[in-house]
Amino acid sequence: MSYKGRDVYMVSGGVTKFAKASPDMDFRLRVKKAFDYALNDGNITIQEIDGSVASYFSDHFQRQLMAGIMVNDYLGLSPKPSKRIEGGGATGGLAFQTGFEEIASGRMDTCAVYGFETMSHVNTWKGNEFIALASDTNFDYPVGGFYTGYYAMMANRHMHEFGTTVEQLAKVSVKNHGNAIHNPYSQSPMKLTVQDVRNSPMVSTPLTRLDVCTMSDGAAVAILASGEKAFEIADREGTKPVKIASIGTGTDTMRLSDRPFGRVPLLSNEKESDYKDLKYPGIHSFRAGRTAAKEAYKGAGITDPLNELDLVELHDAYTSSEIQTYEDLGLCKYGEGGQFIDEGKSELHGKVPVNPSGGLLAAGHPVGATGIMQAVFMFWQLQHTVKKHFKDDTLQVKNAKRGLIHSHAGTGTYVAVSIMEAVQ
Amino acid sequence: MTLNPDAKMEETQKGAEVYNVDPLIVKSHYEIDYIHSYAQDSEFFRALGKKKLMGSKCTNKKCGYVYATPRGHCMICGSETEWYELPNHGKVHAFTTCFFGGEEFLSETPFNLAMIEFEGVNSLFMARLIGADAEDLYIGMPVKAKFRRNQKFSPTDVYFVPDVAKK
Ligand SMILES: [Zn+2]
């Protein structure tokens, strides 16, 4: 499998402030706010948009079928082409990649990718039930019916295989909630200690309330363009495109129980002998994440991710999944994820800042918007415009030239990884 | 033909449940019964009534992958599988105790979830584990399958308990 197509750029983005509930706006108005922000910031007119991709996860949450076209209609994009993309938690990342494909194929010169989710339509426990319906309804939903339970078992196994500790998980929560203090779009900025995380109510052993992301209302928009169009737009005042260097996507079995016990698909900085006795992925690692990273690294020519990436925004729905994902992405070897956070490598001023925005844990996780939110935050980082958008430059990663965004679904069932690069 | 400018919609006592006035937020009820077929998985659910835990095995002799959670076709080679009776004894591969849950199961908390591994079987089975508190659970813990007498035709018709001598 290899990619041949036109170069694709991101030319603008917008995000609404994520909140537990924001009933003053419906999903259409929320997207409209993010869309207008993006058009205005990119100095782009709506007439220049060739088509769109709608990103939202759950018809249960929305209780409105064809909500995607209602947004398209509200934005004034009809009768231009549009489609909806859905893939659980990875919906946003997959939709972003679909927008990439619309441009790369030569079909469109500009594409608006918009994502949204309104999770406040139901209470938190009903929301958890809706999310659990994204597990096999014959064998998994009726037994557990709770995603945190599934992730807790994966964390439990990761701890058993590699000696990962609950304190290491807690450090991810401390880092991401702390970063969010400087992100005005975030839902849960908090100054925490490891003890605070461990003392918060136990949800599903070993994961506490602060190891788990919350339900959110929110929207995000990314506007993508071909090279020619991107540089035409860049000639206008105050805009600078960011290249989407490559995309990668992986999948895995729907049921956690079906995950095989085989060999690790190696990255170019790994050897067979690194994992002699490791049965992979089992339920401790995400094969889809590794597969997506491999494809994306090949496309962008990355052979040493830790040294060739300046920052990462990854899908930390759980603190444990951030640690598991360090390994899937090859930022460290399998088994070294806990040590990676202990050594501070993923801290804001560490070797490769991970989730400087606060991630899902603290910025929020309005599912269909999340992967696009990551793209927007990454875009601002690589444009070096964090100060302009956040009114605070604490989170601006100095010399950020290349970043990775990672969007993840189910128990690691779909994973989308995209590499973005600053334009000189 | 009727052309009646005095026609009136019937007024009823049914009202709306209003949570907030500005913005106006009302309760919207939705409920549905599905006609759910277990289709090719049906035998698994029927067998639980006979105290049998059925997995499946790939019929391709060169493959022969054995699934603890049955599937009609093999994920490795695409061949059809046949039913395969699992041992009643297994081990805990991973576990958790849920203190919260989805709304449907919230009243059952706290409950233990476990991934069960079986000797000679290539995949796992997710189940409830009872008869042990959160602090009693460990990876490798021997467990045995038990079956509900009154079947609900749910995968929880089978559950696991610690495989230890009776007190
Ligand atoms: Zn087979």
Side-chain angles (χ1 to χ4, degrees), chain A residues 21-26 60 63 120-133 135-161 201-209 212 253 255-261 282-284, chain B residues 19-20 22-25 28 30 34 36 38-39 41-42 44-45 65 67-71 75-76 92-106 108-117 122-128 134-135 137-140 152-159:
Chain A
S22 53
D24 47 316
M25 287 186 270
D26 75 357
H60 286 89
R63 225 204 122 178
S120 65
H121 283 313
V122 295
N123 73 54
T124 292
W125 306 116
K126 195 65 173 177
N128 269 285
E129 187 180 304
F130 283 175
I131 290 168
L133 288 169
S135 60
D136 186 314
T137 54
N138 280 8
F139 290 99
D140 292 346
Y141 174 80
V143 179
F146 192 35
Y147 252 95
T148 308
Y150 306 152
Y151 273 81
M153 288 194 284
M154 292 189 270
N156 170 249
R157 190 69 200 185
H158 196 273
M159 292 164 75
H160 175 80
E161 292 284 344
M202 185 57 73
V203 178
S204 192
T205 57
L207 303 174
T208 73
R209 181 65 209 79
V212 184
T253 62
R255 303 187 307 210
L256 208 47
S257 55
D258 284 343
R259 301 288 158 84
F261 295 89
I283 63 164
H284 52 74
Chain B
Y19 298 120
N20 196 58
D22 187 18
L24 183 59
I25 305 177
S28 162
Y30 185 56
Y34 282 93
H36 182 80
Y38 282 125
D41 294 334
S42 296
F44 170 84
F45 295 92
Y65 207 88
Y67 296 92
T69 313
R71 44 188 296 155
M75 69 177 183
I76 306 291
V92 171
H93 182 82
F95 63 86
T96 183
T97 304
C98 297
F99 292 89
F100 293 94
E103 194 175 72
E104 188 179 343
F105 307 104
L106 203 52
E108 300 169 25
T109 57
F111 58 81
N112 303 323
L113 276 183
M115 302 299 294
I116 311 294
E117 56 182 44
N122 300 106
S123 75
L124 305 170
F125 184 77
M126 189 193 292
R128 293 283 184 98
E135 59 272 21
L137 304 172
Y138 64 96
I139 287 175
K152 296 183 193 307
F153 296 101
S154 152
T156 50
D157 284 347
V158 59
Y159 54 94

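In the text below, chain A, chain B and the rest are named by the order of the sequence lines, each starting its count at 1.
In this structure a side-chain-to-backbone donor-acceptor pair under 3.5 Å is missing from A/S257 to B/T69. A donor-acceptor contact shorter than 3.5 Å links the side chain of A/N156 to the backbone of B/F95.
In this structure, B/Y67 OH and A/R255 CZ are separated by 9.0 Å, a value rounded to the nearest 0.5 Å. Here the OG atom belonging to A/S120 is positioned 8.0 Å from the CD1 atom belonging to B/I25, to the nearest 0.5 angstrom. With values rounded to the nearest 0.5 angstrom, A/R259 atom CZ is found 16.0 Å from B/N122 atom CG. Atom-to-atom distance recorded for A/M202:CE and B/C98:SG is 11.0 Å, nearest 0.5 angstrom. One distance of note links CD1 of A/I283 with CE of B/M115; it measures 5.0 Å at 0.5 Å rounding.
Contact count against chain A (heavy-atom pairs under 4.5 Å) is highest for B/I139 among B/L137, B/L106, B/I139, B/L113. Of the listed residues (A/N128, A/V143, A/T253), the greatest number of heavy-atom pairs within a distance under 4.5 Å of chain B belongs to A/V143. Your options are B/P110, B/S123, B/G102, B/A68, and the one with the most heavy-atom pairs under 4.5 Å with chain A is B/G102. Most heavy-atom pairs under 4.5 Å with chain B, from the set A/E129, A/M154, A/R157, A/H121: that is A/R157. The most heavy-atom pairs under 4.5 Å with chain A, out of B/S154, B/A134, B/S28, come from B/S28. When each of B/Y30, B/F45, B/Y159, B/Y65 is scored by its heavy-atom pairs under 4.5 Å with chain A, the top score falls to B/Y30.
A/T137 is listed as a side-chain neighbour of B/H36, based on a closest heavy-atom distance under 4.5 Å. Side-chain contact check for B/T96 versus A/F146: every heavy-atom pair is 4.5 Å or farther apart.
The parts of A/L256 that come within reach of chain B are both its backbone and its side chain, each placing non-hydrogen atoms under 4.5 angstrom from that chain. Only the side chain of B/F105 comes within contact range of chain A, with heavy atoms under 4.5 Å apart. When heavy atoms are compared at a cutoff of 4.5 Å, B/H93 approaches chain A by way of both its backbone and its side chain. Contacts between B/P70 and chain A at a heavy-atom distance below 4.5 Å involve backbone atoms as well as side-chain atoms. Residue A/T124: no heavy atom, backbone or side chain, is found under 4.5 Å from chain B.
B/E103 meets the side chain to side chain donor-acceptor pair (under 3.5 Å) test with A/N123, A/K126; sequence neighbours excluded. For A/Y141, the side chain to side chain donor-acceptor pair (under 3.5 Å) partners at least two apart in sequence or on another chain are B/E104.
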Decide side-chain contact (heavy atoms from CB on, under 4.5 Å) for A/F261 and B/L124; before the verdict, give the C-alpha distance in whole Å, the side-chain angles of both, and the deciding distance to 0.1 Å. CA-CA 10 Å; A/F261 295 89; B/L124 305 170; 3.9 Å; yes

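Two rings, from A/F139 and B/F44, have their centers less than 6.0 Å apart.
Relative ring orientation between B/F100 and A/W125 is described as parallel, the plane-to-plane angle staying below 30° on a 0-90° scale split at 30° and 60°.
Heavy-atom minimum distance, A/D258 versus B/M75: O-CE, 2.9 Å.
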